[in-house]
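Below is one structure, written out as structure tokens, with a few remarks after it.
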Amino acid sequence: MSLTMPAPEAAILENRDRLIRRLRAILPDESVIAEEAGMRAYECDALTMYRQLPLVVALPETVPQVQAVMALAAEMNVKVVPRGAGTSLSGGAMPLGDGILLAMGKFNRILEIDYENRCARVQPGVANLAISDAVAARGFYYAPDPSSQIACSIGGNVGENSGGVHCLKYGLTTNNILGLEIVLMGGGIVRLGGKHLDSEGYDLMGLMTGSEGLLGVITEVTVRLLPKPETARGLLLAFPTVEAGAGCVADIIAAGIIPGGLEMMDGPAIRAAEDFQPCGYPTDAASLLICELDGEASEVDHLVGRVSAMARDAGATTIRASESEEERLGFWAGRKNSFPAVGAIGPDYLCMDGTIPRGRLAEVLAGITELAGRHGLRVANVFHAGDGNLHPLILYDANRPGDIEKAEAFGADILKLCVAVGGVLTGEHGVGVEKRDLMGTMFTQADLDQQQRVKCAFDPEHRLNPGKVFPTLRRCAELGRMHVRGGALPFPDLPRF
């Protein structure tokens, strides 16, 4: 993948001092970071392969401050990159050398909990897990649970349409939010949805969810709260082959059973997780399923029996059902720690994110193994088996010449394979810069132009997070014509770590 980003314009760099002075007139001095040492903390997100110092970092605390910063950026023709907790794995929050990095970490309050309407209003910097913790005593929780939920922020979850291990049954972020407050480029405010279950007019909230910071800055989110299931039990199912595990996944879904979570790990991931966080995983297994069933106790017990029988028929070598909450959480401990576990067996890793039809799991995993041999790199597979969302972890060494390029090429081939079997480039991590130059493998130029027309409606000057998602930027004036010819803005080289 050849990744590139816009280079700083000389006029912007010349006006940097004036921009900083005006930002400090809007924000407290400590909320404007302009020194290199302070900005280093923001030079990348969780895709650490690419790094870039921002022009300046702004940390607003109030909505009027966000409006003022956005209005100033529009006035001075300065780009803006919104940032949450920085846990993005696609480079979506990577700064621009000629842009303000708008860090929303100080928007960290839960504004209202409304149990009668089963919702809560929160600021975008609130950590995902903090919402569930705040309502746990009343028997409620917030369903989407990315592996980074202890750190990732709800605003970033909306920007990337994040999922998690329970998204199979309870949906992604888009299925669990009711309202948004957004500050547009120029400082205007738009409120979408609310506490009611459906919104009038166009589904602009659906448009904003997963828009990766290209359309507006989220300043408030109304999330849906769900009552905790009466009972939840886990099943730990080990298989001698990847094909057997994938076949069991297909059998479960075909039987009309929708687990609360259905995760799969291959042999390298199983062994890495067990070494890092011992939880009783059978290290001789070629594939491992973690299946969680929830609901009324009698229903759950019945489904545990049915799924156990399916696993036995599929050739499972281990079938364990949790008999306590502690044991259920233990089943998940290795899966939840799988990413840092893989980090312990190699200097660096690149976490991919593609989604495929469930029926093609075995075929695609075999293809990934073949690609690993071709590129000369190791790979461990951890993924949301129930909805076909793959997370291959490509191990490489950034200090070894050529390894970064090999990892990029390997990742690109995995994503091309996902698209070739009828899947998509991303399930929950977003496009960012990581998959940007692969968009043409999934969309025609007409598709991409139509998507950019939506961006033009919100951000006609391409100031919000430019250089992400789209392989080329089309000028809005050109996109307004029926037949677009030319008008592409080239991206210079992306700085690598």
Side-chain angles (χ1 to χ4, degrees), residues 109-124 126-180 192-199 203 205-206 208-210 218 220-235 253 256-263 290-304 322 325 328-329 331-332 335-336 384 386-387 389 427-428:
R109 293 189 300 126
I110 295 176
L111 302 172
E112 178 189 10
I113 299 174
D114 184 345
Y115 290 109
E116 289 187 358
N117 287 300
R118 294 189 176 183
C119 64
R121 290 191 305 114
V122 305
Q123 292 184 317
V126 171
N128 175 290
L129 187 58
I131 300 173
S132 291
D133 287 345
V135 299
R138 292 285 295 271
F140 288 87
Y141 75 116
Y142 176 64
D145 56 343
S147 294
S148 58
Q149 68 178 146
I150 192 172
C152 65
S153 60
I154 194 67
N157 290 174
V158 174
E160 304 293 349
N161 192 21
S162 301
V165 300
H166 290 97
C167 66
L168 172 62
K169 185 172 184 178
Y170 296 104
L172 300 163
T173 299
T174 191
N175 307 112
N176 288 277
I177 61 172
L178 296 170
L180 295 173
L192 306 173
K195 294 182 179 182
H196 44 288
L197 293 179
D198 199 6
S199 299
D203 184 15
M205 192 163 60
M208 287 297 304
T209 307
I218 296 165
E220 184 183 304
V221 186
T222 302
V223 302
R224 188 192 306 272
L225 301 177
L226 298 180
K228 286 184 179 178
E230 176 186 312
T231 301
R233 294 183 66 190
L235 278 167
I253 301 300
I257 299 171
I258 307 298
L262 185 58
E263 300 288 299
I290 306 171
C291 178
E292 182 169 297
L293 300 157
D294 60 16
E296 295 184 1
S298 58
E299 176 192 13
V300 170
D301 291 344
H302 171 69
L303 292 176
V304 165
S322 66
E325 181 66 2
R328 183 187 72 84
L329 294 175
F331 288 174
W332 285 113
R335 168 61 183 90
K336 286 285 188 177
H384 309 312
D387 59 346
N389 186 195
E428 57 175 334

Open item on the list: Any non-hydrogen side-chain atom of Asp301 less than 4.5 Å from a side-chain atom of Thr231?
Closed with: no
TODO: Quick one: pull up NE2 in His166 and CH2 in Trp332 and give me the separation to the nearest 0.5 Å.
DONE: 5.5 Å
Open item on the list: Any heavy-atom pair between the side chains of Tyr142 and Ile154 that's under 4.5 Å?
Closed with: yes
Open item on the list: Could you tell me if the side chain of Cys291 sits less than 4.5 Å from the side chain of Pro259, heavy atoms only?
Closed with: yes
Open item on the list: Within a 6.0 Å radius of atom CD on Glu112, are there more than 12 heavy atoms belonging to other residues, nucleotides or ligands?
Closed with: yes
Open item on the list: Quick check for you: to the nearest 0.5 Å, what is the distance between Cys167 atom SG and Asp145 atom CG?
Closed with: 8.0 Å
Open item on the list: How long is the straight-line distance from CD of Glu263 back to CD1 of Ile290, given to the nearest 0.5 Å?
Closed with: 7.0 Å
Task: Distance-minimising heavy-atom pair for Pro144 and Gly171 - done: CG-O, 4.3 Å
Task: Closest approach of Ile218 to Pro124 (non-hydrogen atoms, all atoms of both residues) - done: O-CG, 3.2 Å
Task: Heavy-atom pair with the smallest gap, counting every atom of Ala143 and Asn176 - done: CB-OD1, 3.8 Å
Task: Minimum heavy-atom distance Asp203-Gly206, with the two atoms named - done: OD1-N, 3.0 Å
Task: Test item: Arg233 side-chain N/O and Ser322 main-chain N/O as donor-acceptor pair under 3.5 Å - done: yes
- [ ] Please round to the nearest 0.5 Å and tell me the distance separating atom CD of Glu292 and atom CG of Leu235.
- [x] 10.0 Å
Task: Inter-residue atom distance Glu428.CD - Asn389.CG, 0.5 Å rounding - done: 5.0 Å
- [ ] Compare every heavy atom of Leu262 with every heavy atom of Leu168, then report the nearest pair and how far apart it is.
- [x] CD2-CB, 4.0 Å
TODO: Can you establish whether the number of heavy atoms outside Ile150 located under 6.0 Å from its atom CD1 is more than 12?
DONE: no
TODO: May I ask you to decide if Leu172's main-chain N or O and Asn161's side chain share a donor-acceptor pair within less than 3.5 Å?
DONE: no
Open item on the list: The test is side-chain contact (heavy atoms from CB on, under 4.5 Å); show your working for Ser147 and Arg335 and say whether it passes.
Closed with: CA-CA 9 Å; Ser147 294; Arg335 168 61 183 90; 3.5 Å; yes
- [ ] For the residue pair Val158 and Met208, establish whether any side-chain heavy-atom pair is separated by less than 4.5 Å.
- [x] no
Open item on the list: To the nearest 0.5 Å, what is the distance between CE on Met205 and OG1 on Thr174?
Closed with: 7.0 Å
Open item on the list: For Tyr141 and Tyr170, take the angle between the two ring planes, folded into 0 to 90°, and tell me which bin it lands in: parallel under 30, tilted 30 to 60, perpendicular over 60.
Closed with: perpendicular
Open item on the list: Could you check whether any side-chain heavy atom of Ile131 comes within less than 4.5 Å of a side-chain heavy atom of Leu225, counting everything from C-beta outward?
Closed with: yes
Task: Donor-acceptor contact present, side-chain Glu230 to main-chain Ala297, <3.5 Å - done: yes
Open item on the list: If we ignore hydrogens and angles and just use 3.5 Å, is the side chain of Thr222 paired with the main-chain N or O of Leu178 as donor and acceptor?
Closed with: no
TODO: Flag the pair Val165 / His384 as yes when at least one side-chain heavy-atom distance between them is below 4.5 Å, and no otherwise.
DONE: yes
Open item on the list: Restricting to non-hydrogen atoms, name the atom on Thr173 and the atom on Ser162 that form the minimum distance, rounded to 0.1 Å.
Closed with: OG1-O, 2.8 Å
Open item on the list: For residues 128-138, which residue pairs pass the side-chain hydrogen bond (donor to acceptor under 3.5 Å, both in side chains) check, not counting sequence neighbours?
Closed with: Asn128-Gln149, Asn128-Asn157
Task: Side-chain heavy-atom pair Pro227, Arg118 within 4.5 angstrom cut-off - done: yes
